[in-house]
Structures are given as structure tokens and as C-alpha cells.
Asks: 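My structure is below; once you've seen it, I'll send some questions.
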Number of protein chains: 2
Amino acid sequence: MTPMTPADRRAPRQAEAERNDRALLQAAKEVLAVDGAHASVAAIAKRAKVGIGTLYRRYRTKDDLFLHLLSVTLDQYLEAAEAGLALDDPWEGLAHYVRAVIGFGPGSLAPIAGTLTLTAEINEKSEHGDRAVAALIERAHDAGVLRADATAMDVELLIEQLSKSPLLDQLAQQGRTELMPAAQNARDRLTAIALDGLRAGSSPPLPGEPPGYELFSARWERD
Amino acid sequence: MTPMTPADRRAPRQAEAERNDRALLQAAKEVLAVDGAHASVAAIAKRAKVGIGTLYRRYRTKDDLFLHLLSVTLDQYLEAAEAGLALDDPWEGLAHYVRAVIGFGPGSLAPIAGTLTLTAEINEKSEHGDRAVAALIERAHDAGVLRADATAMDVELLIEQLSKSPLLDQLAQQGRTELMPAAQNARDRLTAIALDGLRAGSSPPLPGEPPGYELFSARWERD
DNA sequence: ATCAATCGGAATGATTCGCTCCGTTTGAAA
DNA sequence: TTTCAAACGGAGCGAATCATTCCGATTGAT
């Protein structure tokens, strides 16, 4: 067997560390959904069933953790958009993206994004995702399956609105796990209703003017 | 002029006091929407542009303020439901209720209700409102204008989902008042989309089983 | 000019915060 | 079996924030 200097040692507990990392990100997502910008590191560590020290060995600061969570979440969004584009049916492609993003978990991260100084990497991922979603929506419009008066902003705002579930968040915090499948199902029904409302059909036109992009960008600016 | 003992004196600054009371309730609603259960009295007083002392002269404790807010909000809900029932058209009646409740402001109070010990008066108001909504929905079902597979729970959950607007809350907190009309309009469009999805039509059936009432009642129980 | 009513916010003690530090546990290599 | 780098949990620290109290300033009808 090859001799091994102490510095060369392979990490012996690497598997546990990886599991903890995933648990931390999941816990951060859940606590953020319930507590908003006031979410505390102690609450996150507790929900992840991990010591505070473990959290701080992996992330230099609280903001570091949030930025990392934001980054991996944007990756998931992009992945869902590309999976949608890979589907042949334009409507099913859009619906897949909507369902996937809503299902990712407890909601939009925009409220905390406003409290962070975003990195260039994150801004780039965000724009990349926006382009993919725009393509998804343009394709649905061209196929005539998405109601003509609904813009990309409308769809994105609708997703944000549905992606945070007060009901699921509260049940999660109370530990009422036995009710959560029913709550998930209830949320799926609401998603289906909303998607139904987005389909092209004999509907009265949407009120007012389409929302402008400034509504979206304003949210990611530092206060 | 009638003589007047000191104890009989009419309140000289009553108008200002009333204005402050309204401002406090409005501010409490807004801060609760953004900060959730962690909302602080200092933040509420500041948003209402009122001293902390003023808040505590009117409400004995923080919980007292929240209970009062809950009470007047339930009154508004009931009023909206009865206004909907007063309309002849069953669909317009339901739509009016949905639009009104969503428009009342920054969202459901369920998350804080779980942290309070509710009074009998509040429980009664809640049940009273539920009965009115059930009547509204039954009438729409009977008229065949509400999709048959959507239950009262579906509608109530949809309302809750739409009644909290992260976008409006964030803009309000940032003081970006110039963008708020556009954000309001964007929200109205989402409401229209959702109502469209609720209308009876040639839609695929909703997935899974209808949500049970236990999902609703679980939220109002003390932890 | 008076004074009860109402106001704003400093002060307080308790709590919670982000974060550091350190003693303990783990398990592959020797 | 012994060793020890790596990963762990959580007590503890100073700063910040919490709900609430208390009191001096302001107001405006008399």
C-alpha cells in the first residue's frame, strides 16, 4: 500500500459531512420560509439537527450560507426550465417548469435576496434562467396554448405567489408531518387551477396593463 | 353652559387618537406580513409614525393588539361574504368575495393566530364567516358556474395563497411607493387568472382527493 | 392660564443574536 | 490496539433587539 503523509490523509467522515451540508441547505430553506429575513442560524442548525459549529465550519458567515442557498436554487430553476424546453409539447413544457419550481420547496428567496450583496456569479445565473423561461413562454405563445395576454412577468409572479405555502410552512414548523401529504396534494390542486387559468381559452382579458420588468428588478436591489 | 366636573371632561384630542388607532392597525398588518410572527412592536409603532407609548396606552400587550387586528379583519371578511351573497349573479358574488379578501391587504393572519390564545368572540366570528363562504360556494356550485371538483377548502386555500403578496410587502417596506400601483395591478391580473381557473369549463379534473377540513383547523390550534 | 388627555421616546431588564472556541467523538490507517 | 486528522456539538461572549414601563413635553377645549 502506498505510504501516506498525514497531510495526504483521505477524509474519513466525508459522507457524514456531505449529508450535513444537504441537511443545512434544506433546513435553511425551510426556516427562511417561516421566519423570513429574521431567520437565525441557531434555528437553522437545530432544524438540520447539526451543531452550530458544524454550520460555521462550512460557511464563513450567515450571509455566506444564504448566498450558497441562492446559488443552488437558481441552478435548480435553470435545470427545470431546460427540462421543460426538452419536452415536445409546448404547454406541457411550460407546465412542467411551473410545477417544478413550485414544488422545489418553501418559496421564493426574493425577500432575503434584498438583504444580501449578490455576487456576479449569482446575477449571471439569474439572467441565464430568465432567458430560458422567456424561451419557454415564447414557445407556448407561438403554439397558441398560453393565453395571449399573459406575459412572462405574469407567469413568474404567479409562480412566486404559489411557491410559498403558508400552510406547508406552518405544518412543517409544528412538526405535523402526518398532515403534510394532504397539504402537498392541496397545493397541487391550486397549481392545477392556476395553470388552467393560464391556458388559452374564451376568457375575459386580464385587467390593466401588463406588469413591467422594473417590478422584478426592484426586488433584487439592495435597500 | 352645563357645569362639568373634571372627570366628565370630553376628550379634547379624540380625533388624533382615532387616526392613530387606525394607523396602528394598518401598520400592524403590514409589518406582520413582512416579518411574520417575529414582528416587533417597535417596528409597528415606527411604521404607524406613532410613539411606543401611544401603542401601549391603547393595547395592554402586544398580543392584545394582534387579537384586536384579528377581530376587525374577521369582520371585514364577513362583510365581504355578505356583500357577495347580496349580488344576484352567483359567479359575480363569489368573485367579489375572492377579490375583496385578497385586496384587504397583506395576507392571511393564520401564521400569528397559531401563537395566540383566541377568545371565544374570535372563534365565533371565524365560524360565522365560514358559514357565509360555504353558502357563497354552494350557490355557485348549484348554478354550475364554479368547477364541480373545487371545494370550499380549495377556494379558501387559493384565497390565502393569493392574499399575501411578497412583492407588495417588500415594496412597502422599501418605501417604493411609486411602484405600488403597478404591483397592485399585477396582483389583480393574477387574481383574474386564478378566478378563470376556478370557473366551470372543459378542464382536466383536479389531482388527488379534495383537501379535508383538518388542514384548516390545524392552523388555528396552539402549538 | 389651566389641566386632563394624549403624545413621543429614553430607560430597563430579559432575551436572542451571530459567531468563536474548545473539548469530545469518529473511524481509517498503522 | 493505538493513533490522530477530521468532523462533531454546544457553552459562552459581547452586541443587538425584545416587550414593556415611566415620565416629561405637547395639545387644545375650557
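Residue numbering restarts at 1 for every chain, and letters A, B, ... go by the order of the sequence lines.
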Asks: For the side-chain contact (heavy atoms from CB on, under 4.5 Å) test, which of B:Val155, B:Leu157, B:Ile193, B:Leu158 pairs with A:Ile193?
Replies: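 Exactly one option meets the side-chain contact (heavy atoms from CB on, under 4.5 Å) with A:Ile193, and it is B:Leu158.
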
Asks: Please tell me which of the listed nucleotides, C:dG8, C:dC7, D:dA7, lies nearest to the side chain of B:Ala17?
Replies: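 Comparing C:dG8, C:dC7, D:dA7 against the side chain of B:Ala17, the answer is C:dC7.
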
Asks: Expressed in angstrom and rounded to an integer, what is the separation of B:Leu55 atom CG from C:dG9 atom P?
Replies: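 From B:Leu55 CG to C:dG9 P: 14 Å.
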
Asks: Quick check on salt bridge (Lys or Arg N to Asp or Glu O under 4.0 Å): which of B:Arg187, B:Arg47, B:Lys164 does B:Asp169 satisfy it with?
Replies: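 Answer to the salt bridge (Lys or Arg N to Asp or Glu O under 4.0 Å) test with B:Asp169 among B:Arg187, B:Arg47, B:Lys164: B:Lys164.
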
Asks: Check whether more than 12 heavy atoms from other residues, nucleotides or ligands sit under 6.0 Å from atom CD of A:Glu79, and answer yes or no.
Replies: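 Open.
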
Asks: In whole angstroms, how far is the P atom of D:dT27 from the CD atom of B:Glu18?
Replies: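 Interatomic distance, CD of B:Glu18 to P of D:dT27: 20 Å.
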
Asks: Does B:Lys46 reach a base, just sugar-phosphate, or nothing at all? Heavy atoms under 4.0 Å.
Replies: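 The answer is nothing, as B:Lys46 stays clear of every strand by at least 4.0 Å.
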
Asks: Parallel, tilted or perpendicular: which fits the ring planes of A:Phe104 and A:Tyr77, with parallel below 30° and perpendicular above 60°?
Replies: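 Aromatic pair A:Phe104/A:Tyr77 classed parallel.
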
Asks: Indicate, with a heavy-atom threshold strictly under 4.0 Å, whether B:Arg19 touches base, sugar-phosphate, or nothing.
Replies: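 It contacts nothing in the nucleic acid.
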
Asks: In plain terms, say whether A:Lys125 and A:Glu127 are close enough for a salt bridge, that is, a side-chain N and a carboxylate O under 4.0 Å apart.
Replies: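 Result for this pair is no, no salt bridge flagged.
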
Asks: Has B:Arg57 got a side-chain N or O lying under 4.0 Å from the OP1 or OP2 atom of D:dT20?
Replies: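 Indeed not, no polar side-chain atom of B:Arg57 lies that close.
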
Asks: Carefully, step by step, assess A:Asp64 and A:Tyr56 under the rule side chain to side chain donor-acceptor pair (under 3.5 Å).
Replies: CA-CA 10 Å; A:Asp64 237 46; A:Tyr56 273 95; over 6 Å; no

Asks: Would you mind reading off the distance between B:Ile44 atom CD1 and D:dT17 atom P, rounded to a whole angstrom?
Replies: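 So the CD1-P distance, B:Ile44 to D:dT17, works out to 17 Å.
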
Asks: Let me know the distance between NZ of A:Lys49 and P of D:dC8, rounded to the nearest Å.
Replies: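 Rounded to the whole Å, the gap is 16 Å.
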
Asks: Is any side-chain N or O of B:Thr54 closer than 4.0 Å to OP1 or OP2 of C:dG8?
Replies: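 Yes, B:Thr54 has a side-chain N/O under 4.0 Å of OP1/OP2 on C:dG8.
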
Asks: Tell me whether A:Glu82 at atom CD has more than 12 heavy atoms from other residues, nucleotides or ligands lying less than 6.0 Å away.
Replies: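 Atom CD in A:Glu82 is crowded, with more than 12 foreign heavy atoms closer than 6.0 Å.
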
Asks: For nucleotides 12-19 of chain C, just jot down a letter per nucleotide in 5' to 3' order: B, S or -, based on protein non-hydrogen atoms under 4.0 Å.
Replies: -----SSB

Asks: Grab the CG-P distance between A:Asp21 and D:dA6 for me, whole Å please.
Replies: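 About 18 Å, once rounded to whole Å.
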
Asks: Is any side-chain N or O of A:Asn20 closer than 4.0 Å to OP1 or OP2 of D:dA7?
Replies: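 Answer no for this pair, as no side-chain N or O of A:Asn20 is under 4.0 Å from OP1 or OP2.
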
